[in-house]
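Take a look at the structure below.
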Amino acid sequence: MDVSHILAPLNDAQRQAVTAPLKPTLVLAGAGSGKTRVLTHRVEWLVQVEGVSPHGILAVTFTNKAAAEMRHRIEQQLGLPSAPLWIGTFHGVCHRLLRMHWREAGLPQGFQILDGEDQQRLIKKVIRGLNLDDTRWVPREVAWFINAQKDEGLRPRHLKDEGDPTRRQMIKLYEAYEEACRRNGVVDFAELLLRSYEILKDAPGLGDHYRSRFRHVLVDEFQDTNTIQYEWMKVLVGSASVPYVVGDDDQSIYRWRGARVENLQQYRKDFRDVQLFRLEQNYRSTGNILDAANAIIGNNSGRIGKKLWTSEGKGSAIRLFRAYNERDEAEFVVNKIREWIAQGGNRRDNAILYRSNAQSRVFEEYLLAARIPYRVYGGLRFFERQEIKDALAYLRLISNRDDDASFERVVNLPTRGIGARTLEVLRAHSRAHSKSMWQSAFECNDELGTKAASCLQAFLTLIEKLDAETQGLPLHEQVDHVIQASGLAGHYQKEKADKGEARLENLEELVSAARGFEPEDDGMTPLMAFLSHAVLESGEGQAEEWEDCVQMMTLHSAKGLEFPVVFLCGLEDGLFPHQRSVTDMHGLEEERRLCYVGCTRAMRHLYLTYAEQRRMHGIDSYGAPSRFIAEVPARLVEEVRPKVQVSRPAYVPSSRPGGGYPGSRPNAGNGYVGGRRFQDDTPGSLKLGQRVRHAKFGDGVVLNLEGQGSNARVQVNFERQGTKWLMMGYANLQVV
Ligand code: ATP
Ligand code: MG
């Protein structure tokens, strides 16, 4: 048989791995060395050469995106639809099993899946059902406990309280939660895995059936499997099937979710006679990118250690950009993307990668203004996020009481005893009399019970009060006040906790957005202008999946993917590496692996950017450049715009942006200002050597002035805090 089409696109080491004897296999290799390629070619090899039926193959990946990609690659290679093949994520495959075997699993046929939020809502009910205080027994923590047990394959009956009353109560809650899930016919994510593991293990005949069906079980990104995933694989492989796993210990980035990189070693113990393959040639990136990535990861301890080289040339230098602030950073990135497109490149070649979802907003704003379609993976666009819509609904009601959609959205959020019946009465009234819900609320008192009526009245009063209290405040303070005083902040603080922290961060980010916003001068109040801006931003912009668009995602969701141009943004200590992990060695090493993953996504161009000052979650921070930057050898790096040496004007003229005076930033003028105007608070009176006072940093002396318009900056030597660069528009310096 002619197998050249399978083997031609592979190097020697890859060929050996693809054609390896049918026994347990581990391919352990660095980023971009063709692990995923080997895995897909192995499938092809099994089908076309070893005569394995596609029906007999199970391939598991980590994300839906990766699964879709693998399915696509295999379809192309085999030239037939991949339907008979089982390819998917662990969750996807387990879900499929449970749908087919709901009886054995003891589930109702139409069982539903709980997402993280649903799960916490149910847990909260359970907590209250046991007459416990949900501020003491926080739903998020209970969910965390339950999921961690499930990830380890443990049911309540397996758990001992170890004489610890808290643990005893947690176990009781776990038990009661299981009972509630059973009553409601629902399963959570962790349950998908555990339950399907259990039926494979225990349901008579089922495990044997699948073991004799799936003779080949292939797993990509094996370094990020957790205990239950690994056990699940083992029970499915049994003693007769052939496992084939590929992974890279340097890319293990889900320890915080229970991933066990140790599974790589464990695998070699649990299966007999595992054949090990290493791949060392990287086909993805240029020499410089690879050298940078290798240098960074070289700082981790306890690595298995791998060589990685490329026959590609060195390529262009790693570009390092020091931005003044997050807007400057976004402007730079968007400008580079425009250049790429202008030179005939695709939009989709560009990936903006960041540590935390909240960073996407500013990029979205600049991309939108530049009319460059983009797609945010693994997260909603900023203005479409639930908590943002909640906050906007309050703000909208304040601007316009008759906005029914907003009324309905928040009338009982946070809960204030306004139930479905009350709403029915209002809706009926508003239909019958063609009045808004708001108006109806004043006219329906007779139709409502006294309790319902007074709950409703409380809501009406709240809105009036919020309106009165925010009159005359600057926009961002209005937004902030409404988020706090409406109870939304408190609500997210305690309720939706798994995502709660992220939601609170997003709400703070909304305040930041409001602060940076300056309306066109067209007669609207700032609030109204801001609200229409938000509607416009959420209505368009996000491109369809198939459309050629810029790719945006967190570093975690970029695993396994590759892009010609990668912007690794927000490289500041505290942000990346994340604050939580800087004091903990294991945490720091995981962040470093994440950085390695990020760099190795880049094929041709890698940009590293950081901001001297970043406003995120409503607060300014002045993070030092990420320690990971210093880990890249200087010879590989080219600073795109070293700090401007200004010709020290004695004062900063309050000229408009683009005016261009000596000492303005080289980019000012051609810089893209985002199509909207932002505050331009250039003070006209600061002089070198002048004494100034900052609310937080105290007193200091002006050392340097540069830039203009919204980018004007001042360097101050503070007596207690040392030297800092501050944005003039935000610093609020007082001359003393
Ligand atoms: P990661 O660790 O990021 O998951 P990987 O090891 O799975 O990476 P692949 O995604 O399989 O690597 O391959 C990286 C890139 O190199 C892909 O574009 C792939 O098509 C290409 N590639 C792999 N092997 C070869 C080869 N022998 N010849 C040419 N290109 C190759
Ligand atoms: Mg891969």
Side-chain angles (χ1 to χ4, degrees), residues 4-19 25-45 59-74 76-77 87 89 218-225 244-254 259 261 264 277-287 289-290 292-294 296-297 303-304 306-312 315 346 348-349 351 353 551 553 555-566 568 593-604 606:
S4 60
H5 66 288
I6 305 179
L7 301 181
L10 303 172
N11 66 27
D12 271 352
Q14 293 173 332
R15 263 178 220 168
Q16 285 182 14
V18 165
T19 61
T25 307
L26 168 62
V27 180
L28 182 65
S33 58
K35 292 184 298 300
T36 303
R37 176 179 280 212
V38 160
L39 193 132
T40 55
H41 283 252
R42 172 72 168 184
V43 170
E44 193 183 10
W45 177 262
V60 186
T61 64
F62 220 72
T63 61
N64 286 319
K65 193 168 163 60
E69 206 146 294
M70 194 192 301
R71 184 175 281 282
H72 176 72
R73 286 198 202 183
I74 290 175
Q76 270 191 337
Q77 285 165 28
I87 305 177
T89 61
L218 300 92
V219 182
D220 199 0
E221 308 276 6
F222 185 73
Q223 75 279 359
D224 270 328
T225 49
Y244 191 102
V245 309
V246 310
D248 175 6
D249 57 311
D250 288 332
Q251 294 187 69
S252 164
I253 53 176
Y254 282 98
V261 68
L264 282 168
F277 294 92
R278 291 178 182 268
L279 311 174
E280 297 184 337
Q281 181 169 3
N282 171 295
Y283 287 92
R284 179 179 294 147
S285 313
T286 62
I289 294 173
L290 211 54
N294 283 338
I296 292 170
I297 198 68
R303 302 171 54 218
I304 295 178
K306 286 175 292 290
K307 289 191 228 93
L308 213 50
W309 60 278
T310 174
S311 65
E312 286 274 306
N346 292 314
R348 75 170 77 85
D349 297 341
L353 307 182
Q551 317 276 303
M553 66 197 81
L555 287 154
H556 279 100
S557 30
K559 200 168 63 151
L561 308 178
E562 60 189 18
F563 312 91
V565 188
V566 165
L568 199 53
R593 289 190 293 270
L594 196 54
C595 187
Y596 175 74
V597 167
C599 293
T600 52
R601 298 311 96 199
M603 300 163 79
R604 292 171 53 192
L606 174 61

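When reading the values below, keep in mind they use all heavy atoms of this one structure, side chains included, and skip hydrogens, waters and symmetry mates. Residue numbers start at 1 and run along the sequence shown. Both counts, for ligands and for their atoms, begin at 1 and track the order of listing.
- To the nearest 0.5 Å, atoms OG (Ser33) and CG (Asp248) are separated by 7.5 Å.
- Among the atoms of Gly560, none of the N or O lies under 3.5 angstrom from an N or O of ligand 1.
- With a 4.0 Å heavy-atom cut-off, ligand 1 is reached by the backbone of Pro9 but not by any atom from C-beta on.
- Between Leu561 and ligand 1, no N or O atom pair is found at a separation short of 3.5 Å.
- By the criterion of a heavy-atom distance under 4.0 Å, neither the backbone nor the side chain of Gln281 is placed next to ligand 1.
- Note: no N/O pair closer than 3.5 Å links Leu10 and ligand 1 by distance alone.
- Side-chain contact between Arg284 and Arg601 is present, with heavy atoms from C-beta onward closer than 4.5 Å.
- Looking only at distances, a side-chain donor or acceptor of Arg37 sits under 3.5 Å from a matching main-chain atom of Pro9.
- The contact set between ligand 1 and Gly34, taken as ligand atoms under 4.0 Å from a residue heavy atom, comprises 5 (P), 6 (O), 9 (P), 11 (O), 12 (O), 13 (O), 23 (C).
- Heavy atoms of Asn11 approach ligand 1 to within less than 4.0 angstrom.
- Listed by atom number, the atoms of ligand 1 under 4.0 Å from Gly30 heavy atoms are 6 (O).
- In summary, the atoms of ligand 1 found under 4.0 Å from a heavy atom of Arg601, numbered by their order in the structure, are 3 (O).
- Below 3.5 Å of separation, one finds an N or O of Ser33 facing an N or O of ligand 1.
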